[in-house]
Protein chains: 2
Amino acid sequence: MSGRTDKTSDLGHALLGLLARREATGYDLSARLAAPLGYFWTASHSQVYPELARLEAAGLVTHEEIPGRGPRPTKRYAVTAAGRSALAAWVVTDPGEQADRDVLVLRAYSLWLADPAAAAAMLRGLRERHAARLEEYLQHEREIRAEGGEIAWDDPRFAALARVRAGIGYERHRLAWVDWVVSALTTGHAPTDDAN
Amino acid sequence: MSGRTDKTSDLGHALLGLLARREATGYDLSARLAAPLGYFWTASHSQVYPELARLEAAGLVTHEEIPGRGPRPTKRYAVTAAGRSALAAWVVTDPGEQADRDVLVLRAYSLWLADPAAAAAMLRGLRERHAARLEEYLQHEREIRAEGGEIAWDDPRFAALARVRAGIGYERHRLAWVDWVVSALTTGHAPTDDAN
DNA sequence: GGCTCCATGTAAAACGTTACATGATTTC
DNA sequence: GAAATCATGTAACGTTTTACATGGAGCC
(Lines give C-alpha, C1' and ligand atoms only; values in the text may rest on other atoms or scores of the structure.)
Protein backbone atom coordinates (compact mmCIF):
# COMPACT_ATOMS: atom_id res chain seq x y z
CA MET A 1 0.00 0.00 0.00
CA SER A 2 1.88 3.06 -1.16
CA GLY A 3 0.53 6.59 -1.32
CA ARG A 4 -1.80 8.25 1.13
CA THR A 5 -5.55 8.00 0.66
CA ASP A 6 -6.04 11.42 2.23
CA LYS A 7 -8.61 12.46 -0.36
CA THR A 8 -7.46 15.09 -2.81
CA SER A 9 -9.35 18.39 -2.77
CA ASP A 10 -10.97 20.12 -5.75
CA LEU A 11 -8.00 22.45 -5.90
CA GLY A 12 -5.71 19.43 -6.06
CA HIS A 13 -7.65 18.08 -9.03
CA ALA A 14 -7.52 21.47 -10.71
CA LEU A 15 -3.73 21.43 -10.43
CA LEU A 16 -3.52 17.83 -11.66
CA GLY A 17 -5.71 18.79 -14.62
CA LEU A 18 -3.37 21.59 -15.59
CA LEU A 19 -0.22 19.53 -15.03
CA ALA A 20 -1.61 16.63 -17.08
CA ARG A 21 -1.47 18.97 -20.07
CA ARG A 22 2.01 20.25 -19.46
CA GLU A 23 4.63 20.49 -16.73
CA ALA A 24 4.70 23.76 -14.85
CA THR A 25 6.01 25.62 -11.84
CA GLY A 26 3.77 26.66 -8.96
CA TYR A 27 4.07 30.18 -10.29
CA ASP A 28 2.75 29.15 -13.72
CA LEU A 29 -0.15 27.29 -12.17
CA SER A 30 -1.04 30.25 -9.96
CA ALA A 31 -1.04 32.54 -12.99
CA ARG A 32 -3.41 30.25 -14.87
CA LEU A 33 -5.73 30.03 -11.87
CA ALA A 34 -5.81 33.78 -11.33
CA ALA A 35 -9.25 35.31 -11.84
CA PRO A 36 -10.82 35.84 -14.28
CA LEU A 37 -8.69 33.94 -16.81
CA GLY A 38 -9.16 30.63 -15.08
CA TYR A 39 -12.90 30.67 -15.43
CA PHE A 40 -13.53 27.26 -14.03
CA TRP A 41 -11.48 27.53 -10.88
CA THR A 42 -9.49 30.21 -9.12
CA ALA A 43 -6.76 30.12 -6.50
CA SER A 44 -3.92 32.29 -5.32
CA HIS A 45 -0.30 31.23 -5.02
CA SER A 46 -0.59 30.91 -1.24
CA GLN A 47 -3.00 28.03 -1.81
CA VAL A 48 -1.11 26.50 -4.71
CA TYR A 49 2.29 25.95 -3.10
CA PRO A 50 1.08 23.98 -0.05
CA GLU A 51 -1.31 21.98 -2.23
CA LEU A 52 1.52 20.97 -4.57
CA ALA A 53 3.46 19.75 -1.53
CA ARG A 54 0.45 17.69 -0.46
CA LEU A 55 0.05 16.19 -3.94
CA GLU A 56 3.71 15.28 -3.91
CA ALA A 57 3.41 13.64 -0.48
CA ALA A 58 0.51 11.61 -1.90
CA GLY A 59 2.69 10.51 -4.82
CA LEU A 60 0.52 12.20 -7.46
CA VAL A 61 3.13 14.67 -8.70
CA THR A 62 6.93 15.00 -8.62
CA HIS A 63 9.18 17.95 -9.09
CA GLU A 64 12.61 18.63 -10.44
CA GLU A 65 14.65 21.76 -9.81
CA ILE A 66 15.40 23.89 -12.81
CA PRO A 67 17.37 27.12 -13.23
CA GLY A 68 15.16 30.07 -12.37
CA ARG A 69 15.16 33.63 -11.20
CA GLY A 70 13.56 33.40 -7.76
CA PRO A 71 15.41 33.62 -4.42
CA ARG A 72 14.47 29.98 -3.73
CA PRO A 73 15.01 27.01 -6.05
CA THR A 74 12.57 26.93 -8.97
CA LYS A 75 10.59 23.69 -9.16
CA ARG A 76 9.01 22.23 -12.23
CA TYR A 77 6.18 19.83 -11.38
CA ALA A 78 4.87 16.90 -13.42
CA VAL A 79 2.06 14.38 -12.86
CA THR A 80 3.03 10.81 -12.03
CA ALA A 81 1.27 7.76 -13.47
CA ALA A 82 -0.62 7.49 -10.17
CA GLY A 83 -1.66 11.12 -10.46
CA ARG A 84 -2.92 10.64 -13.98
CA SER A 85 -5.06 7.63 -13.08
CA ALA A 86 -6.38 9.29 -9.90
CA LEU A 87 -7.44 12.23 -12.05
CA ALA A 88 -9.07 10.03 -14.70
CA ALA A 89 -11.04 8.19 -12.00
CA TRP A 90 -12.14 11.39 -10.29
CA VAL A 91 -13.40 13.00 -13.51
CA VAL A 92 -16.37 10.64 -13.79
CA THR A 93 -17.41 10.86 -10.12
CA ASP A 94 -20.68 12.57 -9.33
CA PRO A 95 -20.02 16.23 -8.56
CA GLY A 96 -22.99 16.33 -6.18
CA GLU A 97 -25.10 19.38 -5.45
CA GLN A 98 -23.37 22.67 -6.09
CA ALA A 99 -23.89 25.21 -3.35
CA ASP A 100 -25.04 28.06 -5.48
CA ARG A 101 -24.09 31.30 -3.92
CA ASP A 102 -24.67 34.21 -6.17
CA VAL A 103 -23.95 37.69 -4.86
CA LEU A 104 -25.93 39.28 -7.69
CA VAL A 105 -29.08 37.23 -7.18
CA LEU A 106 -28.65 37.82 -3.45
CA ARG A 107 -28.92 41.53 -4.16
CA ALA A 108 -31.86 40.98 -6.51
CA TYR A 109 -33.79 39.31 -3.74
CA SER A 110 -33.89 42.61 -1.84
CA LEU A 111 -34.28 44.82 -4.89
CA TRP A 112 -37.81 45.85 -3.90
CA LEU A 113 -36.28 47.90 -1.06
CA ALA A 114 -33.72 49.73 -3.19
CA ASP A 115 -33.63 52.86 -5.30
CA PRO A 116 -34.53 51.66 -8.82
CA ALA A 117 -32.40 54.22 -10.65
CA ALA A 118 -29.30 53.29 -8.64
CA ALA A 119 -30.05 49.60 -9.16
CA ALA A 120 -30.42 50.06 -12.93
CA ALA A 121 -27.12 51.93 -13.06
CA MET A 122 -25.34 49.16 -11.17
CA LEU A 123 -26.84 46.53 -13.47
CA ARG A 124 -25.85 48.40 -16.63
CA GLY A 125 -22.25 48.49 -15.44
CA LEU A 126 -22.43 44.79 -14.83
CA ARG A 127 -23.94 44.18 -18.23
CA GLU A 128 -20.89 45.68 -19.89
CA ARG A 129 -18.56 43.43 -17.95
CA HIS A 130 -20.58 40.35 -18.94
CA ALA A 131 -20.66 41.42 -22.58
CA ALA A 132 -16.88 41.91 -22.57
CA ARG A 133 -16.34 38.49 -21.05
CA LEU A 134 -18.62 36.89 -23.60
CA GLU A 135 -16.52 38.43 -26.38
CA GLU A 136 -13.34 37.05 -24.80
CA TYR A 137 -14.84 33.59 -24.58
CA LEU A 138 -16.05 33.64 -28.19
CA GLN A 139 -12.59 34.73 -29.27
CA HIS A 140 -11.05 31.94 -27.23
CA GLU A 141 -13.39 29.42 -28.83
CA ARG A 142 -12.32 30.59 -32.28
CA GLU A 143 -8.70 30.11 -31.26
CA ILE A 144 -9.31 26.56 -30.12
CA ARG A 145 -11.06 25.74 -33.39
CA ALA A 146 -8.54 27.66 -35.49
CA GLU A 147 -6.56 24.63 -36.68
CA GLY A 148 -9.74 23.22 -38.19
CA GLY A 149 -10.79 19.59 -38.48
CA GLU A 150 -12.69 17.48 -36.04
CA ILE A 151 -11.78 17.63 -32.38
CA ALA A 152 -11.97 14.13 -30.90
CA TRP A 153 -13.14 13.60 -27.33
CA ASP A 154 -9.71 12.43 -26.14
CA ASP A 155 -7.99 15.56 -27.43
CA PRO A 156 -7.21 18.07 -24.67
CA ARG A 157 -8.70 20.71 -26.99
CA PHE A 158 -12.07 19.01 -26.61
CA ALA A 159 -11.99 19.61 -22.86
CA ALA A 160 -10.88 23.19 -23.41
CA LEU A 161 -13.79 23.64 -25.78
CA ALA A 162 -16.25 22.20 -23.27
CA ARG A 163 -14.92 24.60 -20.69
CA VAL A 164 -15.19 27.67 -22.89
CA ARG A 165 -18.68 26.72 -24.08
CA ALA A 166 -19.80 26.54 -20.45
CA GLY A 167 -18.51 30.08 -20.09
CA ILE A 168 -20.28 31.27 -23.25
CA GLY A 169 -23.61 29.76 -22.19
CA TYR A 170 -23.28 31.22 -18.73
CA GLU A 171 -22.55 34.74 -19.93
CA ARG A 172 -25.45 34.66 -22.38
CA HIS A 173 -27.80 33.55 -19.65
CA ARG A 174 -26.49 36.28 -17.40
CA LEU A 175 -26.89 38.97 -20.05
CA ALA A 176 -30.47 37.92 -20.72
CA TRP A 177 -31.25 37.97 -17.01
CA VAL A 178 -29.72 41.40 -16.43
CA ASP A 179 -31.67 42.75 -19.42
CA TRP A 180 -34.88 41.30 -17.99
CA VAL A 181 -34.31 43.01 -14.64
CA VAL A 182 -33.27 46.36 -16.16
CA SER A 183 -36.28 46.43 -18.45
CA ALA A 184 -38.57 45.63 -15.52
CA LEU A 185 -37.02 48.44 -13.49
CA THR A 186 -37.44 50.80 -16.44
CA THR A 187 -41.09 50.01 -17.10
CA GLY A 188 -41.82 49.76 -13.37
CA HIS A 189 -43.13 46.22 -13.41
CA ALA A 190 -42.29 42.66 -14.44
CA PRO A 191 -43.29 41.57 -17.96
CA THR A 192 -46.52 39.59 -17.72
CA ASP A 193 -45.35 36.93 -20.14
CA ASP A 194 -41.84 35.70 -20.72
CA ALA A 195 -42.60 33.05 -23.32
CA ASN A 196 -41.57 30.05 -21.30
CA MET B 1 -21.80 56.81 17.72
CA SER B 2 -24.11 53.82 18.09
CA GLY B 3 -23.93 50.65 16.01
CA ARG B 4 -20.73 48.99 14.85
CA THR B 5 -19.44 49.61 11.34
CA ASP B 6 -17.86 46.14 11.28
CA LYS B 7 -19.00 45.45 7.71
CA THR B 8 -21.82 42.98 7.33
CA SER B 9 -21.00 39.82 5.41
CA ASP B 10 -22.94 38.42 2.45
CA LEU B 11 -24.55 35.94 4.82
CA GLY B 12 -25.66 38.83 6.99
CA HIS B 13 -27.32 40.49 4.01
CA ALA B 14 -29.00 37.23 3.07
CA LEU B 15 -30.51 37.04 6.54
CA LEU B 16 -31.57 40.70 6.44
CA GLY B 17 -33.20 40.08 3.05
CA LEU B 18 -35.24 37.23 4.45
CA LEU B 19 -36.15 39.07 7.65
CA ALA B 20 -37.22 42.18 5.72
CA ARG B 21 -40.01 40.06 4.26
CA ARG B 22 -41.16 38.55 7.51
CA GLU B 23 -39.97 37.94 11.05
CA ALA B 24 -38.46 34.54 11.71
CA THR B 25 -36.48 32.39 14.11
CA GLY B 26 -32.93 31.29 13.37
CA TYR B 27 -34.35 27.86 12.75
CA ASP B 28 -36.74 29.20 10.07
CA LEU B 29 -33.94 31.11 8.38
CA SER B 30 -31.67 28.08 8.39
CA ALA B 31 -34.42 26.00 6.80
CA ARG B 32 -34.90 28.55 4.03
CA LEU B 33 -31.16 28.70 3.39
CA ALA B 34 -30.76 24.93 3.25
CA ALA B 35 -29.78 23.68 -0.20
CA PRO B 36 -31.29 23.39 -2.71
CA LEU B 37 -34.43 25.33 -1.85
CA GLY B 38 -32.56 28.51 -1.12
CA TYR B 39 -31.04 28.72 -4.57
CA PHE B 40 -29.37 32.06 -4.20
CA TRP B 41 -27.54 31.46 -0.96
CA THR B 42 -26.99 28.53 1.36
CA ALA B 43 -25.93 28.29 4.99
CA SER B 44 -26.28 25.89 7.86
CA HIS B 45 -27.68 26.70 11.28
CA SER B 46 -24.19 26.78 12.82
CA GLN B 47 -23.48 29.84 10.69
CA VAL B 48 -26.87 31.45 11.11
CA TYR B 49 -27.04 31.70 14.90
CA PRO B 50 -23.71 33.50 15.43
CA GLU B 51 -24.44 35.80 12.46
CA LEU B 52 -27.80 36.81 13.95
CA ALA B 53 -25.98 37.70 17.18
CA ARG B 54 -23.54 39.86 15.19
CA LEU B 55 -26.38 41.61 13.35
CA GLU B 56 -28.05 42.32 16.65
CA ALA B 57 -24.82 43.72 18.13
CA ALA B 58 -24.64 46.01 15.07
CA GLY B 59 -28.22 47.19 15.71
CA LEU B 60 -29.57 45.80 12.44
CA VAL B 61 -31.98 43.28 13.95
CA THR B 62 -33.71 42.73 17.29
CA HIS B 63 -35.30 39.68 18.82
CA GLU B 64 -38.11 38.89 21.16
CA GLU B 65 -38.60 35.61 22.98
CA ILE B 66 -41.67 33.62 22.07
CA PRO B 67 -43.05 30.32 23.34
CA GLY B 68 -41.35 27.43 21.54
CA ARG B 69 -40.44 23.80 21.81
CA GLY B 70 -36.64 23.90 22.00
CA PRO B 71 -34.54 23.32 25.13
CA ARG B 72 -33.41 26.97 24.97
CA PRO B 73 -35.61 30.05 24.63
CA THR B 74 -37.06 30.51 21.12
CA LYS B 75 -36.20 33.86 19.56
CA ARG B 76 -38.13 35.64 16.85
CA TYR B 77 -35.96 38.14 14.95
CA ALA B 78 -37.05 41.29 13.10
CA VAL B 79 -35.14 43.92 11.09
CA THR B 80 -34.72 47.37 12.60
CA ALA B 81 -35.06 50.61 10.63
CA ALA B 82 -31.24 50.76 10.53
CA GLY B 83 -31.15 47.21 9.19
CA ARG B 84 -33.64 48.01 6.46
CA SER B 85 -31.72 51.05 5.25
CA ALA B 86 -28.37 49.23 5.43
CA LEU B 87 -29.88 46.52 3.25
CA ALA B 88 -31.36 49.00 0.76
CA ALA B 89 -27.98 50.74 0.42
CA TRP B 90 -26.07 47.48 -0.01
CA VAL B 91 -28.40 46.18 -2.75
CA VAL B 92 -27.16 48.69 -5.32
CA THR B 93 -23.45 48.27 -4.54
CA ASP B 94 -21.28 46.66 -7.20
CA PRO B 95 -21.05 42.93 -6.55
CA GLY B 96 -17.56 42.78 -8.08
CA GLU B 97 -16.07 39.80 -9.85
CA GLN B 98 -17.55 36.48 -8.87
CA ALA B 99 -14.99 33.78 -8.30
CA ASP B 100 -16.43 31.15 -10.50
CA ARG B 101 -15.65 27.74 -9.18
CA ASP B 102 -17.54 25.04 -10.94
CA VAL B 103 -16.89 21.44 -9.96
CA LEU B 104 -18.56 20.14 -13.11
CA VAL B 105 -16.54 22.27 -15.52
CA LEU B 106 -13.48 21.39 -13.47
CA ARG B 107 -14.16 17.76 -14.30
CA ALA B 108 -14.83 18.61 -17.94
CA TYR B 109 -11.40 20.13 -18.24
CA SER B 110 -9.85 16.69 -17.68
CA LEU B 111 -12.47 14.76 -19.59
CA TRP B 112 -10.02 13.80 -22.32
CA LEU B 113 -8.31 11.46 -19.81
CA ALA B 114 -11.48 9.70 -18.67
CA ASP B 115 -13.52 6.73 -19.80
CA PRO B 116 -16.15 8.25 -22.13
CA ALA B 117 -18.89 5.74 -21.26
CA ALA B 118 -18.51 6.39 -17.53
CA ALA B 119 -18.45 10.12 -18.17
CA ALA B 120 -21.63 9.98 -20.28
CA ALA B 121 -23.36 7.97 -17.54
CA MET B 122 -22.40 10.52 -14.91
CA LEU B 123 -23.61 13.37 -17.11
CA ARG B 124 -26.94 11.72 -17.84
CA GLY B 125 -27.59 11.38 -14.09
CA LEU B 126 -26.78 15.02 -13.71
CA ARG B 127 -29.05 15.96 -16.58
CA GLU B 128 -31.99 14.43 -14.77
CA ARG B 129 -31.28 16.42 -11.65
CA HIS B 130 -31.06 19.65 -13.65
CA ALA B 131 -34.31 18.87 -15.47
CA ALA B 132 -36.07 18.21 -12.16
CA ARG B 133 -34.82 21.48 -10.75
CA LEU B 134 -35.95 23.36 -13.81
CA GLU B 135 -39.45 21.96 -13.37
CA GLU B 136 -39.47 23.05 -9.72
CA TYR B 137 -38.43 26.55 -10.69
CA LEU B 138 -41.06 26.82 -13.42
CA GLN B 139 -43.67 25.66 -10.96
CA HIS B 140 -42.47 28.22 -8.44
CA GLU B 141 -42.68 30.96 -11.06
CA ARG B 142 -46.28 30.00 -11.80
CA GLU B 143 -47.05 30.23 -8.08
CA ILE B 144 -45.58 33.70 -7.84
CA ARG B 145 -47.62 34.87 -10.82
CA ALA B 146 -50.74 32.98 -9.69
CA GLU B 147 -52.57 35.99 -8.28
CA GLY B 148 -52.38 37.66 -11.67
CA GLY B 149 -52.00 41.33 -12.45
CA GLU B 150 -48.85 43.33 -12.85
CA ILE B 151 -46.03 42.87 -10.37
CA ALA B 152 -44.49 46.26 -9.60
CA TRP B 153 -40.75 46.59 -8.97
CA ASP B 154 -41.27 47.50 -5.30
CA ASP B 155 -43.33 44.39 -4.61
CA PRO B 156 -41.34 41.63 -2.84
CA ARG B 157 -42.83 39.25 -5.42
CA PHE B 158 -40.87 41.08 -8.11
CA ALA B 159 -37.61 40.22 -6.36
CA ALA B 160 -38.76 36.64 -5.88
CA LEU B 161 -39.54 36.49 -9.59
CA ALA B 162 -36.11 37.87 -10.50
CA ARG B 163 -34.54 35.21 -8.31
CA VAL B 164 -36.51 32.34 -9.79
CA ARG B 165 -35.91 33.53 -13.35
CA ALA B 166 -32.17 33.50 -12.65
CA GLY B 167 -32.60 29.87 -11.60
CA ILE B 168 -34.61 29.00 -14.71
CA GLY B 169 -32.07 30.58 -17.05
CA TYR B 170 -29.23 28.86 -15.27
CA GLU B 171 -30.79 25.40 -15.42
CA ARG B 172 -31.59 25.81 -19.11
CA HIS B 173 -28.04 26.83 -19.84
CA ARG B 174 -26.76 23.87 -17.85
CA LEU B 175 -29.05 21.41 -19.64
CA ALA B 176 -27.93 22.66 -23.03
CA TRP B 177 -24.30 22.36 -22.00
CA VAL B 178 -24.64 18.84 -20.64
CA ASP B 179 -26.43 17.80 -23.83
CA TRP B 180 -23.61 19.28 -25.89
CA VAL B 181 -20.99 17.30 -23.99
CA VAL B 182 -22.98 14.04 -24.02
CA SER B 183 -23.61 14.28 -27.75
CA ALA B 184 -19.92 14.95 -28.36
CA LEU B 185 -18.98 11.91 -26.27
CA THR B 186 -21.51 9.82 -28.18
CA THR B 187 -20.35 10.83 -31.65
CA GLY B 188 -16.71 10.81 -30.55
CA HIS B 189 -15.96 14.41 -31.47
CA ALA B 190 -17.10 17.98 -30.93
CA PRO B 191 -19.70 19.40 -33.36
CA THR B 192 -17.89 21.49 -35.94
CA ASP B 193 -20.43 24.27 -35.86
CA ASP B 194 -22.53 25.40 -32.91
CA ALA B 195 -24.39 28.23 -34.56
CA ASN B 196 -22.93 31.04 -32.49
C1' DG C 1 -39.94 2.36 21.65
C1' DG C 2 -37.99 4.88 17.91
C1' DC C 3 -38.21 8.67 14.54
C1' DT C 4 -38.95 13.27 13.07
C1' DC C 5 -39.64 18.05 14.02
C1' DC C 6 -38.74 22.00 16.72
C1' DA C 7 -34.90 25.08 18.44
C1' DT C 8 -30.64 26.67 19.99
C1' DG C 9 -25.97 26.77 20.63
C1' DT C 10 -20.38 25.47 20.55
C1' DA C 11 -16.07 23.33 18.59
C1' DA C 12 -13.00 21.62 15.32
C1' DA C 13 -11.43 21.32 10.88
C1' DA C 14 -11.19 22.62 6.04
C1' DC C 15 -10.98 26.03 2.68
C1' DG C 16 -9.99 30.73 0.90
C1' DT C 17 -8.16 35.63 0.97
C1' DT C 18 -4.99 39.08 2.21
C1' DA C 19 -0.78 40.43 3.97
C1' DC C 20 4.18 39.66 5.08
C1' DA C 21 8.77 38.32 3.42
C1' DT C 22 12.76 37.82 0.14
C1' DG C 23 15.61 38.91 -3.96
C1' DA C 24 17.61 38.76 -8.80
C1' DT C 25 16.70 40.21 -13.65
C1' DT C 26 14.50 42.79 -17.13
C1' DT C 27 11.93 46.74 -18.94
C1' DC C 28 10.57 51.72 -19.05
C1' DG D 1 15.99 54.56 -10.57
C1' DA D 2 11.36 52.68 -10.31
C1' DA D 3 8.34 49.14 -11.57
C1' DA D 4 7.10 44.73 -13.26
C1' DT D 5 8.20 39.80 -13.71
C1' DC D 6 9.89 35.66 -11.99
C1' DA D 7 9.56 32.47 -7.95
C1' DT D 8 8.77 30.63 -3.56
C1' DG D 9 7.12 30.34 0.85
C1' DT D 10 4.54 31.52 5.83
C1' DA D 11 1.06 33.80 8.90
C1' DA D 12 -3.16 35.81 10.13
C1' DC D 13 -7.70 36.14 9.37
C1' DG D 14 -12.38 35.21 7.68
C1' DT D 15 -15.77 31.94 5.93
C1' DT D 16 -17.90 27.37 5.43
C1' DT D 17 -18.65 22.57 6.65
C1' DT D 18 -19.15 18.86 9.76
C1' DA D 19 -19.63 17.14 14.21
C1' DC D 20 -20.99 17.43 19.11
C1' DA D 21 -24.59 18.58 22.53
C1' DT D 22 -29.31 19.12 24.59
C1' DG D 23 -34.26 18.08 25.20
C1' DG D 24 -39.47 18.29 24.79
C1' DA D 25 -43.70 17.13 21.71
C1' DG D 26 -46.08 14.50 18.44
C1' DC D 27 -46.45 10.49 15.30
C1' DC D 28 -46.17 5.48 13.76
Side-chain angles (χ1 to χ4, degrees), chain A residues 4 6-15 23-38 40-58 61 63-77 96-103 106, chain B residues 4 6-15 23-36 38 40-57 61 63-77 96-103 106:
Chain A
R4 314 291 313 282
D6 268 8
K7 243 185 263 181
T8 304
S9 65
D10 286 329
L11 172 61
H13 288 113
L15 295 176
E23 304 187 350
T25 64
Y27 184 87
D28 291 336
L29 295 168
S30 302
R32 279 198 262 166
L33 289 176
L37 290 160
F40 67 118
W41 207 262
T42 52
S44 60
H45 76 274
S46 64
Q47 262 190 296
V48 170
Y49 292 118
E51 185 63 32
L52 282 171
R54 256 171 263 139
L55 291 174
E56 185 151 45
V61 301
H63 79 265
E64 132 187 71
E65 292 188 6
I66 56 165
R69 273 156 293 171
R72 289 192 190 70
T74 297
K75 300 172 183 174
R76 184 174 54 205
Y77 284 87
E97 294 289 340
Q98 296 232 43
D100 34 21
R101 290 206 176 85
D102 188 324
V103 288
L106 183 57
Chain B
R4 314 290 315 279
D6 268 9
K7 244 187 262 183
T8 304
S9 65
D10 286 329
L11 172 61
H13 288 113
L15 295 175
E23 305 186 351
T25 63
Y27 184 87
D28 291 336
L29 295 167
S30 302
R32 279 199 262 163
L33 288 176
F40 66 120
W41 207 260
T42 51
S44 61
H45 76 274
S46 64
Q47 258 190 300
V48 169
Y49 292 118
E51 184 65 32
L52 282 170
R54 255 171 264 140
L55 291 173
E56 185 152 45
V61 301
H63 79 266
E64 130 188 73
E65 291 188 6
I66 56 165
R69 274 155 292 171
R72 289 192 190 73
T74 298
K75 300 171 183 175
R76 185 174 53 207
Y77 284 87
E97 294 289 339
Q98 296 230 46
D100 33 20
R101 291 206 175 84
D102 187 326
V103 287
L106 184 57

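Treat the numbers as computed from the prediction; the structure is a model and nothing was measured. Within every chain, numbering begins at 1; the chains are lettered A, B, ... in the order of the sequence lines, protein sequences first and strands thereafter.
Across the interface with DNA chain C, nearest-nucleotide mapping of Y77(B) and R69(B) shows R69(B) to be the residue nearer the 5′ end. Looking at which nucleotide of DNA chain C each of G70(B) and S46(B) is closest to, the 5′-most match is held by G70(B).
Of the candidates dT10(C), dG9(D), dC6(C), the closest approach to any side-chain atom of Y49(A) belongs to dG9(D).
The shortest distance between side-chain heavy atoms of L52(A) and E56(A) does not fall below 4.5 Å.
The separation between E51(A) atom CD and dA14(C) atom P is 12 Å, rounded to whole Å. Regarding W41(B), its CH2 atom lies at a distance of 11 Å from the P atom of dT15(D), rounded to whole Å. Counting to the nearest Å, the C1' atom of dC13(D) and the CZ atom of R54(B) are 13 Å from each other. As rounded to whole Å, 20 Å separates atom P of dC5(C) from atom CZ of R72(B). Atom CZ of R32(A) and atom P of dC6(D) are 13 Å apart (whole Å). If you measure from atom CG of D10(A) to atom P of dC15(C), you get 8 Å, rounded to the nearest angstrom. We find that NE2 of H45(B) is positioned 13 Å from P of dT18(D), with the value rounded to whole Å. Distance CG (L11(A)) to C1' (dT16(D)): 16 Å, rounded to an integer number of Å.
At dT17(C), one or more side-chain N or O atoms of Q47(A) fall inside 4.0 Å of OP1 or OP2 (strictly under the cut-off). Taking 4.0 angstrom as the limit, Y27(A) places none of its side-chain polar atoms (N or O) nearer than this to OP1 or OP2 of dT8(D). Remark: K7(B) is not in phosphate contact with dG14(D), judged by side-chain N or O atoms under 4.0 Å from OP1 or OP2.
Considering every non-hydrogen atom in both D10(B) and L106(A), the closest pair reads O-CD2, 3.6 Å. Counting all heavy atoms, side chain and backbone alike, G26(A) lies closest to V48(A) at O-CG1, 3.8 Å.
With respect to R76(A), the side-chain contact (heavy atoms from CB on, under 4.5 Å) criterion is satisfied by exactly one of E64(A), E65(A), H63(A): E64(A).
If you check every strand for non-hydrogen atoms under 4.0 Å, S44(B) touches a base. Among the protein residues, R101(B) comes within range of the sugar-phosphate backbone only, with heavy atoms under 4.0 Å from sugar or phosphate atoms but none that close to a base.
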